[in-house]
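The block underneath contains the structure these notes are about, expressed in structure tokens.
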Amino acid sequence: QMQLVQSGGGLVQAGGSLRLSCAASGRTFSIYAMGWFRQPPGKEREFVASITWTGIRTYYSDAVKGRFTISRDGAENTVYLQMHSLKLEDTAVYYCASSSGQYSPPPDRSSEYDYWGQGTQVTVSS
């Protein structure tokens, strides 16, 4: 089993920054990649960013490229999503997820992920 526990998030003004964390425990040896997804109000879940567990490769959606950075701390089994220049349209529930599939680049489809965090709300206000 795998447990993914998220922290961070909250309310921020447009243009501000937030950092999300996702701590993995359990069968971490099976992780090949980690990803972040988000679900805006009334919309479907969408891909944000992904990273191989080695940290070597990253992949971003066009919507966040240049503003968000995904990274990992191997010693802490934690993945981060640093978000800068936040926009109103970044408001969503954010989810982290782990994948055991050896995709390259790291996967961007929710179906390619095995375990999910509990979700955390990010609200960007004007």
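Values in this document were obtained by computation on a predicted structure and should not be read as measured data.
L81 and L4 fall within the same hydrophobic cluster, defined by Ile, Leu, Val, Met, Phe, Trp and Tyr side-chain heavy atoms under 4.5 Å apart, directly or through other members. In the hydrophobic clustering of ILVMFWY residues, with side-chain heavy atoms under 4.5 Å counting as a link, F47 and Y94 come out apart. Linking ILVMFWY residues whenever their side-chain heavy atoms come closer than 4.5 Å, directly or via other members, places I51 and M2 in the same cluster.
The disulfide (SG to SG under 2.5 Å) contacts involving residues 22-111 comprise C22-C96, where partners must be two or more places apart or lie in separate chains. Listed by first and then second residue, the disulfide (SG to SG under 2.5 Å) pairs involving residues 39-94 amount to none (not counting sequence neighbours). For residues 100-110, the set of pairs meeting the salt bridge (Lys or Arg N to Asp or Glu O under 4.0 Å) definition, not counting sequence neighbours, comprises R109-E112. Residue pairs meeting the ring pair (Phe, Tyr, Trp, His ring centres under 6.0 Å) criterion with at least one partner in residues 107-126, sequence neighbours excluded, are F37-Y113, F37-W116. The side chain to side chain donor-acceptor pair (under 3.5 Å) pairs that include a residue from residues 6-17 are S17-H84, where partners are two or more places apart or lie in different chains. The disulfide (SG to SG under 2.5 Å) pairs that include a residue from residues 50-92 number zero, where partners must be two or more places apart or lie in different chains.
At a threshold of 4.5 Å between non-hydrogen side-chain atoms, the residues T52 and P106 count as touching. Put simply, the side chain of S21 reaches to within 4.5 Å of the side chain of Y80, judged on heavy atoms.
A distance of 7.5 Å separates CH2 of W36 from OG1 of T120, quoted to the nearest 0.5 Å. In this structure, CZ on F29 lies 12.0 Å from CG on N77, to the nearest 0.5 angstrom. Here the OG-CD distance, from S110 to Q39, works out to 10.0 Å after rounding to the nearest 0.5 Å. Here the CE atom belonging to M34 is positioned 11.5 Å from the OG atom belonging to S71, to the nearest 0.5 angstrom. The distance from atom CZ of R72 to atom OG1 of T54, rounded to the nearest 0.5 Å, is 6.5 Å.
Side-chain atoms of R19 never come within 3.5 Å of backbone atoms of G8 as a donor-acceptor pair (strictly under, hydrogens ignored). Under a 3.5 Å cut-off, the side chain of S50 and the backbone N or O of P107 do form a donor-acceptor pair.
Counting all heavy atoms, side chain and backbone alike, D90 lies closest to R67 at OD2-NH1, 2.7 Å. Scanning all heavy atoms of the two residues, the minimum distance from G101 to S99 falls at N-OG, 3.2 Å. For the pair I31 and S98, the tightest heavy-atom approach, listed with the atom from each and the gap, is CG1-CB, 4.2 Å.
Exactly one of V48, L20, T69 qualifies for a side-chain contact (heavy atoms from CB on, under 4.5 Å) with M83. That residue is L20.
Annotation: salt bridge (Lys or Arg N to Asp or Glu O under 4.0 Å) contacts of R45 (sequence neighbours excluded): none. Under the salt bridge (Lys or Arg N to Asp or Glu O under 4.0 Å) criterion, K43 pairs with no residue at all, not counting sequence neighbours. Under the salt bridge (Lys or Arg N to Asp or Glu O under 4.0 Å) criterion, E46 pairs with R38, not counting sequence neighbours. Residues passing the side-chain contact (heavy atoms from CB on, under 4.5 Å) test with V12 are L18, L86, V124, sequence neighbours excluded. T123 meets the side-chain contact (heavy atoms from CB on, under 4.5 Å) test with L11, T91, Q121; sequence neighbours excluded.
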Per-pair distances, 0.1 Å, donor-acceptor, side chain in residues 55-64, under 3.5 Å, sequence neighbours excluded:
unit_1: R57; atom_1: NH1; unit_2: S104; atom_2: OG; d: 2.5
unit_1: Y60; atom_1: OH; unit_2: I70; atom_2: N; d: 2.9
unit_1: D62; atom_1: OD1; unit_2: K65; atom_2: NZ; d: 3.3

